[in-house]
Colleague: 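Please see the structure below; I have some questions.
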Amino acid sequence: MRVSQDAFLNELIKLIERSKDEGKGSVNMCFKRILTSEEKIGGKPKKHGKHAQDIEPVCLLRATLGSKKISTIIPFKDHVRFQQQVGVILKVHMDGLKQRKSKKNKLSSKKVKRKTRNRSSNRQ
């Protein structure tokens, strides 16, 4: 279902909250750069030929949760502002992530001494 940019942001929030409430599924997002003229968005692509430089690139953004799908088209001039808004939404709703435990690989002093001995013997 293609919606406007503001409606997409609202629906994205609803999808994220639904995935949290139900406790199953993930919200998948896909950004795709497409070349299209403003008159023809969607459907069969036009053959661009000589006028390919005149075409404004746009970004197709899709989000899915199970069978629920939403999409919107972002013009090139608005893509920075829109990505910042999506980034804010994702930061706010990513509170259920677990912190990774760091693994410290410490070599015992014997192993370190052996390595230094082997290096010095190899140099001679």
Side-chain angles (χ1 to χ4, degrees):
M1 171 173 80
R2 188 169 298 154
V3 294
S4 69
Q5 295 176 14
D6 295 330
F8 181 86
L9 294 173
N10 292 332
E11 289 293 321
L12 180 63
I13 292 170
K14 290 177 186 177
L15 285 179
I16 293 171
E17 289 175 353
R18 187 180 307 154
S19 72
K20 280 185 180 180
D21 293 342
E22 293 175 3
K24 59 181 179 180
S26 299
V27 177
N28 296 318
M29 293 182 61
C30 172
F31 291 84
K32 183 177 180 182
R33 182 178 181 262
I34 56 175
L35 292 174
T36 182
S37 62
E38 289 186 17
E39 306 89 43
K40 185 75 172 178
I41 296 178
K44 293 184 178 179
K46 288 184 176 180
K47 293 184 179 179
H48 300 298
K50 297 178 183 176
H51 304 289
Q53 292 122 359
D54 299 338
I55 298 171
E56 179 184 356
V58 294
C59 183
L60 174 65
L61 178 59
R62 298 178 188 140
T64 59
L65 174 66
S67 62
K68 176 73 173 170
K69 299 176 184 179
I70 56 173
S71 64
T72 189
I73 292 187
I74 305 140
F76 180 73
K77 61 183 178 186
D78 295 335
H79 80 279
V80 173
R81 178 190 60 83
F82 191 80
Q83 284 185 346
Q84 288 174 345
Q85 291 175 338
V86 170
V88 168
I89 290 171
L90 294 177
K91 284 180 188 177
V92 168
H93 289 91
M94 282 194 194
D95 55 0
L97 297 176
K98 295 180 182 177
Q99 190 173 9
R100 294 176 68 181
K101 294 181 181 178
S102 61
K103 296 180 181 179
K104 296 183 180 179
N105 294 330
K106 293 185 178 181
L107 297 174
S108 65
S109 60
K110 293 180 182 178
K111 290 182 181 179
V112 172
K113 288 179 184 178
R114 286 182 196 159
K115 285 187 176 186
T116 55
R117 283 185 203 159
N118 289 339
R119 287 182 188 164
S120 61
S121 64
N122 290 339
R123 290 181 188 166
Q124 295 173 356

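One is the number of the first residue; the rest follow in order along the sequence.
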Colleague: Run the side chain to side chain contact (heavy atoms under 4.5 Å, CB included) test against Gln84 and tell me which residues pass, sequence neighbours left out.
Modeller: Val80
Colleague: Could you state the interatomic distance from CD (Gln83) to CG (Leu90), rounded to the nearest 0.5 Å?
Modeller: 11.0 Å
Colleague: Identify each donor-acceptor pair in which a side-chain atom of residues 60-74 lies under 3.5 Å from a protein atom, sequence neighbours left out, and give them as a table.
Modeller:
from: Thr72; atom 1: OG1; to: Val3; atom 2: O; distance (Å): 3.0

Colleague: Taking the six-membered ring for Trp, is the centroid-to-centroid distance between Phe82 and His79 below 6.0 Å?
Modeller: no
Colleague: Looking at Ser19 and Gly25, what are the two nearest heavy atoms and their distance?
Modeller: CB-O, 4.0 Å
Colleague: For Phe31 and Cys59, work out which heavy atoms get closest and say how close.
Modeller: CD2-SG, 3.8 Å
Colleague: Please check if Val92 and Val27 belong to a single hydrophobic cluster, counting links between Ile, Leu, Val, Met, Phe, Trp and Tyr side chain heavy atoms closer than 4.5 Å.
Modeller: no
Colleague: Under the side chain to side chain contact (heavy atoms under 4.5 Å, CB included) rule, collect the residues that match up with Ile89, sequence neighbours excluded.
Modeller: Leu9, Leu12, Ile13, Ile16, His93
Colleague: In plain terms, say whether Glu11 and Lys14 are close enough for a salt bridge, that is, a side-chain N and a carboxylate O under 4.0 Å apart.
Modeller: yes
